[in-house]
Amino acid sequence: MSAVLYVIGLGLMTCGVVLLLIAALGVWSLPSAVSRLHALTKADSAGLSLIALGAACVNGRLDALLALVLCAVLVALSGATMGHLIARSHVSEDEPE
Amino acid sequence: MTPDFIYIFAGAGLVGLAMYRLATRRDMLLRVLALNFLAIGVAMILQASAFGETLTDAVPQAFVLTGIVVLVGVTAALLALAEQIDGHDDE
Amino acid sequence: MSMAFDILLALGIVFTAGTALGLRDRIASVTGFVITGLLIALSFVRLGAPDVALAEAAIGAGLTGALLLRSALRLKPAEGSKSPALQRFLAASIATGLSCALAWAVYTAPGTALYPALVSEGLAKSGVDNPVTAVLLNFRVWDTLLEIVVLFAALVLVRIIAPAVPQPEALGELMLPFMRVIIPVCVFLSGHLLWQGATVPGGAFQAGAMLAGGFLVLFMGGLALPTPRVMAFGKALALAGLAIFALAALATEALTGTLLFYPDGDEKIWIIAIESALTLSIAAMLYLLFCGMPRRPAK
């Protein structure tokens, strides 16, 4: 059972890292700030949640799961709010169009 | 092959970069930034020297912790002084 | 295998630091500084020092980044005259020479470490299980007292200079629900970090920094603006920490005859009491350092 959990955890963590790499590529190559923000917030929160879940599976203990879930929820929450605030300031700059 | 000497070189690199920037730029914010890099570079060297195979030495860790907290106080005071100097340059 | 990770991390630290120091845009430089601070926190974890990693991430990267960003928007940029080539060459050679000498001196320093044996044998009687907390609040508690005095001196300097208070703009509808979730989590996690610092990594400084972060979120949302009442409360909290610490030091002198020598068997109570006062006081001091302290207008 724990070997299966370990493999599932490694798979989840790999998917999370791939998503973070895609987010980094998006920030590198997308043209405008708002589109970069889009790639960053979506892929970062999803990638981090997958990595947290994978780490909890590899670890196998309940208190680690709770701490990692709290970490992922906080990062997703603050990432969403910060994305909203940054997009808001950029959109109001383009007002005259 | 222990990892601590890698971080000693990284900390020394930070110290060198920070000192170069301190000597060649006049922007006050960049100078405060360079001072911060200098301080955390030295903190990294101190912490890397505390590394042990099984047990990390606790006394340098306490020194680095104290140093980080003192650094934030000094940075706040320096920034207040910088804004005051900036205000005087206007008049 | 893990050496490859350490080498990559160290290269990343030096690279982001160089980029942050070399950019022209000041906000980008401050962002580079925050990223370098977080990578350095990761390196502290690799070096086996989680307490210092927590403090560096919260105070060194987070709060210092907020302070620098606040000032980056208010300071005027300096004229962009480049230094003469001779000065740059001289500075580069001296900086390179000094950093190589520093690395070589630390790397080849001989001698055995005296402290780990002393700390492990004193840990059982010190009242806590975490060796860093034991060193900070029992063996070298005098240094911690002076550290609070240094923070207080920075606060006095900021009070004398009295920079302008930053005015947060209206931040939209998402801020209030965000604050409703984050502030209780900040308070809860800060208390948890304070309490667990006795046995696992944590402690007063990390808890105080987290609480200060909560205060700053309140400030950004427009709810904890430095009105005279908030200022008075903040100043009282900041003073209370230093006062309680100093009173505790004098009390230990009266009770056991030696300064800052806790009475036998009661060490944990003294440590927890001093740490709680320190947490609230550090949070108040960091909030006041960020907001500046406006003088009352002269009548």
Side-chain angles (χ1 to χ4, degrees), chain A residues 10 13-14 16-17 20-21 23-28 30 32-34 36-42 44-45 47-49 51-52 54-55 58-59 61-95, chain C residues 5 8 12 15-16 19 25 27-28 31-32 34-35 38-39 41-42 45 50 53-54 57-58 61-62 65-66 69 73 168-193 196 199-202 210 213-214 216-222:
Chain A
L10 279 185
M13 282 201 281
T14 314
V17 168
L20 283 179
L21 273 176
L25 259 169
V27 169
W28 179 265
L30 285 173
S32 80
V34 185
R36 284 197 289 262
L37 206 57
H38 178 84
L40 192 62
T41 50
K42 306 300 177 298
D44 257 359
S45 47
L48 189 75
S49 309
I51 291 181
V58 165
N59 195 339
R61 292 200 340 233
L62 190 61
D63 48 356
L65 173 69
L66 289 176
L68 284 168
V69 162
L70 180 65
C71 168
V73 163
L74 282 178
V75 168
L77 190 68
S78 49
T81 311
M82 291 311 123
H84 167 76
L85 290 176
I86 296 177
R88 205 166 159 271
S89 72
H90 272 276
V91 161
S92 64
E93 276 170 20
D94 300 335
E95 229 27 282
Chain C
F5 180 71
L8 276 176
F15 178 68
T16 50
T19 312
D25 183 11
I27 296 185
T31 313
V34 174
I35 295 176
L38 289 176
L39 287 177
L42 195 57
V45 173
L54 282 171
L69 208 55
L73 296 171
E169 301 181 348
L171 282 178
E173 322 77 29
L174 203 54
M175 202 58 189
L176 196 55
F178 175 68
M179 283 198 289
R180 282 204 187 116
V181 175
I182 277 287
I183 306 281
V185 170
C186 269
V187 172
F188 176 69
L189 275 182
S190 149
H192 179 66
L193 272 174
Q196 76 169 12
T199 47
V200 293
M210 171 148 278
L216 286 190
V217 168
L218 272 178
F219 175 77
M220 302 291 179

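For clarity, every value in this text was computed on a predicted model and none was experimentally measured. Below, read A as the first sequence line, B as the second, and so on, with proteins coming before strands; counting in each chain starts at 1.
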Who passes side-chain contact (heavy atoms from CB on, under 4.5 Å) against Thr16(C), sequence neighbours left out? Ile35(C), Thr36(C), Leu39(C)

Just jot down the side-chain contact (heavy atoms from CB on, under 4.5 Å) partners of Val200(C), sequence neighbours excluded, or say none. Gln196(C)

For His84(A), is the NE2 atom crowded, meaning more than 12 foreign heavy atoms sit under 6.0 Å from it? yes

Enumerate donor-acceptor pairs with a distance under 3.5 Å from any side-chain N or O in residues 61-83 of chain A to protein atoms, sequence neighbours excluded.
| unit_1 | atom_1 | unit_2 | atom_2 | d |
| --- | --- | --- | --- | --- |
| Arg61(A) | NE | Asp63(A) | OD1 | 3.4 |
| Ser78(A) | OG | Leu74(A) | O | 2.8 |
| Ser78(A) | OG | Val75(A) | O | 3.4 |
| Thr81(A) | OG1 | Leu77(A) | O | 2.9 |

Could you tell me which residues in residues 185-192 of chain C have at least one non-hydrogen atom under 4.5 Å from a non-hydrogen atom of chain A, sorted by residue number? Val185(C), Leu189(C)

